[in-house]
K.L.:
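Quick one: the structure is below, questions incoming.
Scope of the values below: all heavy atoms of this structure, side chains included, with no hydrogens, waters or symmetry mates. Not measured: the values here are computed from a predicted model. Here is how names work: the chains are called A, B, and so on, in the same order as the sequence lines, proteins then strands, and each is numbered from 1.
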Amino acid sequence: MEYNKSIDKKWQDFWDRERIFSTDTKNTKDKYYCLVMFPYPSAALHVGHARNYIIGDAVSRYKRMKGFNVLSPIGFDAFGLPAENAAIKGGFHPKTSTLNNIATMRTQLKSWGIGYDWDREVISCLPEYYKWTQWIFTKLFEKGLAYKKKAAVNWCPSCMTVLANEQVISGSCERCDTKVVERDLSQWFFKITEYAQNLLDDISLLKAWPERVKTMQTNWIGKSTGVNIEFKVEGEDKILTCYTTRVDTIFGVTYMVLAPEHPAIHDLIKNNPDKQKIYAFIEKARVQDKTDRASETVAKEGIFTGRYVINPVNGKKVPLWIANYVLMEYGTGAVMAVPTHDNRDFEFAKKYRLSLEVVIDNPKGHLDTTKMNAAYVEDGIMVNSGEFNGLGNQEAIEKIADWMEKKKIGRRSVHFRLRDWLISRQRYWGAPIPIIYCEKCGEVAIPEKDLPVYLPENVAFKPTGQSPLVDSTEFLNTKCPKCGGKAKRETDTMDTFVDSSWYFLRYISPKEKARAFDAALVNKWLPVDQYIGGVEHAILHLLYSRFITKVLCDLKYIDFKEPFGALFTQGMIVKNGAKMSKSKGNTVAPDYIIDEYGADVMRLYILFMGPPEKDAEWQDEGLQGSWRFLQRALRLVEMLENYKDSKENKELNNYEKDLVRKIHSTIKEVTQDLESSFQFNTAISRIMELVNQVYKSINEGMVRKEIFREAVSTVFILLSPFTPHIAEEVNSALGFSGSILKRKWPDFKEELIKTEEIEIAVSVNGKLRDKLMINVNWSKEKIEQKALSSSKIQSFLQGKLPKKIIYVSGRMVNIVI
RNA sequence: GCCGAGAUGGCGAAAUUGGCAGACGCGCUGGGCUUAGGACCCAGUACCUGUAAAAGGGUAUGGGAGUUCAAAUCUCCCUCUCGGCACCA
């Protein structure tokens, strides 16, 4: 038997015909929802994508054989920037190119033998899907969870258009190289911050998520508890509130800093003769990259406002500055600066010669402001802090907070790093935000009966990159659904992350016309039992999906709080040390591999190349190994057919016992590898070992046909989640009818795995010196005795008595001398 | 910069979670088979030292310290690589 392409086709057609992968969602007994992150149809899929779907397919096939009623759907995250860019460059309409890409990808996925329920396919750029994305928007809007506010965008003054972060190349427009500026636009947000605490608390429900993803989400939400403190502006009835987590340093404040975006600045500097200079500084700071501004390494820059504020705890007057290192997005946009105990403040104070005062002393030696060359950020003893002197600073945090609350000069406050989700995009290729602006009624959401708001298809793509919706008068002008008066449509579209925040619900009832999903069924099928995708989605996509799920739960559309019960994040496949991308030109197309070797060779290699959660380097040569192994395994099937059964006695001989042991231990280990985590690489290596051993025992000619047959059958049933086409072929050659997926995953018998005789290591002072065959029933004393009596060990002992002997059961003896 | 992950032979990796480092595969070397093979079968393969060949030593899991009878695994410090950082998806 030889593996070739016709085998792939034969079994793919068979699965299709028998509808093996179509799932009856009405039957919810033993349900198992296996979900892979749906792809963005950029162009053809490369082997990096393939890894995701192959892992998902291996899991879903394994679970089917374990008797689960598996649902494995697929769809396409089809809105997005690249298709629109291509259209602007003069190519196809985004819809055409996207649907073409989808057609290619569909063919690819099928040619790899990935088993999906294709009747459930969802495509997020089609009205039957985005109608419901819009519906979700209106539900959030009704709930007050969607609102408008001003927010900064990247603006190219030459193209007169908004740029995505990706389109800004080191501060300049990717298209025309003009310096990009920040510009405030009124934009739509989802109030995810209202769910910050909730999203944080429920991380504890995510038992089967990787720790690292949970940590990243926790840090992203970034809860901190501190105190809001009100500083009076000198000579005015104005108050500036700052937020600090280090209220213990409040007596050491020597100046205050505002973010350049702070709304109070305008008023504060209106009488300042130098205000033009200040405005110039603000403009400059706002152009700087935000991650740079927040980083400790980038030069701190600031300007004095000419005003002073009063520290409420001691009445001290301190100067008020504006600086690039303060961000409006976090806290209150105003920071009390304590240069002696914060490194950024320290650097800034040194640069602008602002004064320093120590309020937390180092217990190991007094701090001297004239000699400090960095802030003292460790714990210490309170000094220069009035009645709090002498306390430990950790203790003082609580005491000072109490005291300030009593005196009504500060309030305990919780802050989150998480910001509201900006969902407006000034682009064409996305779901239109279903809002109209009525001259009388203001912002009005489109009622469900009028959804979807169709994205007009007959539009022109100008090279400026401005959304064509702005010029489409036919789209723009409409009537108010409330009063029937004149109204204009919102021209922004939604972030594609909104599309992907609920697609897993749509799969359950994808054809549903009257509602987004069949809630009763969704409640039975979700949470997803296993979600599989790239670790690069660890924060945004997963957080947004959790948020939308929680909102829908609170609105009583669904009755579960978390969408994904278990999560597996696979690593990237890299080539020449870099992530595969078209721009780097290092993608590996699977098509030639399928052509040359067949789908199973590619699948096997991708699963074998390394642990699936880690990045792996693609090497074409690896395919050879998989090819060779599969051919070698197939040759066993031929050998079996021609095998002459020797007339054996009833007792199994040692070759047979060993082979039976190997069969059962392989089943055990492969099953464990799949159950505990997705260790496909080691599972496959164990099957390789079994094949090697079958060759050995058959070459000896001492094995009866029945056991040989069991070995071959085991090899292919264990391989079937990984190399399904070959497995089906062998399965039918062995005389089984129907799909191998309908057979049960094999069980192992523990008593057939056990052995009496094992080899253990003997070491002296931790260094391996000898090996020893022991019987597992021997006592500890007997084993230690045997170890000591070996001549090799004796030569190390040189007649001396050992200090100590450590015996690790069934593993080793260590003799300490 | 912040958050997260990682570093083991020539290469991809394994190591029962503190107990024989390098399973399995690639590559390479030698042999067999073959008209031929980038096919197949068998054997060998961390490094240094040693030897005619062995035996035998010694050194090794990014670097440095530490804990332990015993460390790839635990602790501290350092270096480098990768992912995310809110308008790529």
Side-chain angles (χ1 to χ4, degrees), chain A residues 37 39-40 42 77 79-82 85 153-154 162-168 187 192 210-213 215-220 222 290-298 329 417-427 495-497 499-500 534-541 543-544 569 571-572 574 577-579 605 608-611 613-619 621-626 628-629 631-632 635 669 672 679 681-682 684-689 692 695 699 759-771 802-806 808-817:
Chain A
M37 289 181 184
Y40 174 75
S42 57
D77 187 12
F79 275 134
L81 184 63
N85 284 347
V153 291
N154 304 309
V162 175
L163 298 178
N165 286 344
E166 197 191 43
Q167 297 173 300
V168 181
Q187 305 201 71
I192 192 172
E211 279 311 315
R212 59 171 164 163
V213 175
T215 314
M216 281 191 257
Q217 292 227 342
T218 305
N219 293 339
W220 186 260
K290 289 237 172 63
T291 39
D292 281 355
R293 269 174 57 185
S295 89
E296 281 200 19
T297 46
V298 159
E329 283 82 5
R417 212 186 67 98
L418 181 70
R419 307 200 301 258
D420 274 339
W421 175 10
L422 198 172
I423 61 138
S424 282
R425 297 291 181 268
Q426 292 71 44
R427 288 186 213 300
D495 178 7
T496 55
F497 274 126
D499 309 335
S500 58
V535 70
E536 66 272 19
H537 296 290
I539 296 172
L540 296 180
H541 163 63
L543 195 67
Y544 294 149
T569 49
M572 285 182 315
V574 298
K579 179 178 180 169
Y605 170 56
F608 182 63
M609 66 193 299
E613 72 279 10
K614 285 201 198 146
D615 292 353
E617 170 79 27
W618 179 269
Q619 289 174 312
E621 305 79 54
L623 291 166
Q624 283 288 341
S626 293
R628 211 144 45 201
F629 166 70
Q631 300 298 354
R632 186 168 145 88
R635 235 170 287 127
E669 285 164 346
Q672 274 173 0
Q679 297 178 55
N681 53 329
T682 50
I684 292 164
S685 76
R686 294 182 210 284
I687 302 171
M688 288 172 168
E689 284 183 56
N692 290 345
Y695 266 94
N699 286 346
E759 191 186 58
I760 63 164
V762 184
S763 59
V764 177
N765 288 346
K767 277 196 198 305
L768 177 70
R769 295 300 177 188
D770 200 5
K771 299 203 169 172
K803 240 195 253 171
K804 200 171 169 189
I805 302 176
I806 293 144
V808 185
S809 178
R811 291 200 197 292
M812 61 151 2
V813 178
N814 188 21
I815 297 159
V816 186
I817 57 171

K.L.:
Mind checking if A:N814 touches a base, just sugar-phosphate, or nothing, with heavy atoms under 4.0 Å?
P.N.:
base

K.L.:
Reckon A:H537 touches a base, only the sugar-phosphate, or nothing at all at heavy-atom distances under 4.0 Å?
P.N.:
base

K.L.:
What interatomic distance, in whole Å, is found between P of B:rU17 and the corresponding atom of B:rU29?
P.N.:
40 Å

K.L.:
If you look at every strand shown and take non-hydrogen atoms under 4.0 Å, does A:F497 touch a base, only sugar-phosphate, or nothing?
P.N.:
base

K.L.:
Is A:V168 touching bases, backbone alone, or none of the nucleic acid, heavy atoms closer than 4.0 Å?
P.N.:
nothing

K.L.:
Would you indicate what A:I805 reaches in the nucleic acid, counting non-hydrogen atoms under 4.0 angstrom: base, sugar-phosphate, or nothing?
P.N.:
nothing

K.L.:
Have a look at A:R811 and say if it touches a base, only the backbone sugar-phosphate, or nothing, with a 4.0 Å heavy-atom cut-off.
P.N.:
base

K.L.:
If only atom types and distance count, is the side chain of A:N154 paired as donor or acceptor with the main-chain N or O of A:L163 below 3.5 Å?
P.N.:
yes

K.L.:
Round to a whole Å and report the spacing from CD1 of A:I687 to P of B:rG25.
P.N.:
13 Å

K.L.:
Measuring only the P atom in each nucleotide, how far is B:rU81 from B:rG25? A whole number of Å is fine.
P.N.:
34 Å

K.L.:
Mind checking A:R686 for me? I need base, sugar-phosphate or nothing, with any heavy atom below 4.0 Å counting as a touch.
P.N.:
nothing

K.L.:
Identify whether the glycosidic angle of B:rU79 places it syn (within 90° of 0) or anti.
P.N.:
anti

K.L.:
For B:rG9, measure the glycosidic angle (O4'-C1'-N9-C4 for a purine, O4'-C1'-N1-C2 for a pyrimidine) and name it syn if it falls within 90° of 0, otherwise anti.
P.N.:
syn

K.L.:
Rounding to an integer number of angstrom, what distance separates B:rG58 and B:rG50 when you compare their C1' atoms?
P.N.:
11 Å

K.L.:
Hey, does A:L540 reach any base, or is it just sugar-phosphate, or nothing, if we go heavy atoms under 4.0 Å?
P.N.:
base

K.L.:
Just to be sure I understand the rule, does A:M609 reach a base, reach only the sugar-phosphate, or reach nothing, if contact means heavy atoms closer than 4.0 Å?
P.N.:
sugar-phosphate

K.L.:
Touch check for A:P39, heavy atoms < 4.0 angstrom, all strands: base, sugar-phosphate only, or nothing?
P.N.:
nothing

K.L.:
Using atom P in both nucleotides, what's the gap between B:rA86 and B:rA7 to the nearest angstrom?
P.N.:
28 Å

K.L.:
Given the P atoms of B:rG10 and B:rU61, what is the spacing between them in whole Å?
P.N.:
13 Å

K.L.:
Would you say A:R417 places a side-chain N or O within less than 4.0 Å of OP1 or OP2 belonging to B:rC85?
P.N.:
no

K.L.:
Does a side-chain N or O of A:R628 approach OP1 or OP2 of B:rG27 to a distance below 4.0 Å, or not?
P.N.:
yes

K.L.:
Give me the atom names and distance for the closest heavy-atom approach of A:Y40 to A:F79.
P.N.:
CE1-O, 3.3 Å

K.L.:
A:E613 near the nucleic acid: base, sugar-phosphate alone, or nothing, with a heavy-atom cut-off under 4.0 Å?
P.N.:
nothing

K.L.:
Tell me: CG of A:L768 to P of B:rA71, nearest whole Å?
P.N.:
13 Å

K.L.:
Is A:R635 near enough to B:rC41 that one of its side-chain N or O atoms lies under 4.0 angstrom from OP1 or OP2?
P.N.:
yes

K.L.:
Indicate the ring-plane relationship of A:Y605 and A:W618, choosing parallel, tilted or perpendicular according to the 30° and 60° boundaries.
P.N.:
perpendicular

K.L.:
When you compare B:rC47 with B:rA36, how far apart are their P atoms, in angstrom units rounded to a whole number?
P.N.:
33 Å

K.L.:
Measure CD/A:E759 against P/B:rA23 and give the value in whole Å, please.
P.N.:
15 Å

K.L.:
Write down the distance between CE (A:M37) and C1' (B:rC88), rounded to a whole number of angstrom.
P.N.:
15 Å

K.L.:
A:S424 near the nucleic acid: base, sugar-phosphate alone, or nothing, with a heavy-atom cut-off under 4.0 Å?
P.N.:
base

K.L.:
For residues A:N692 and A:R632, is any side-chain donor paired with an opposing acceptor at under 3.5 Å?
P.N.:
yes

K.L.:
Using the P atoms only, state how far B:rA15 lies from B:rC24, rounded to an integer number of Å.
P.N.:
13 Å

K.L.:
Using only side-chain N and O atoms of A:R419, determine if any of them is under 4.0 Å from OP1 or OP2 of B:rC87.
P.N.:
no

K.L.:
Counting only side-chain nitrogens and oxygens, does A:K767 get under 4.0 Å of the OP1 or OP2 atom of B:rA60?
P.N.:
no

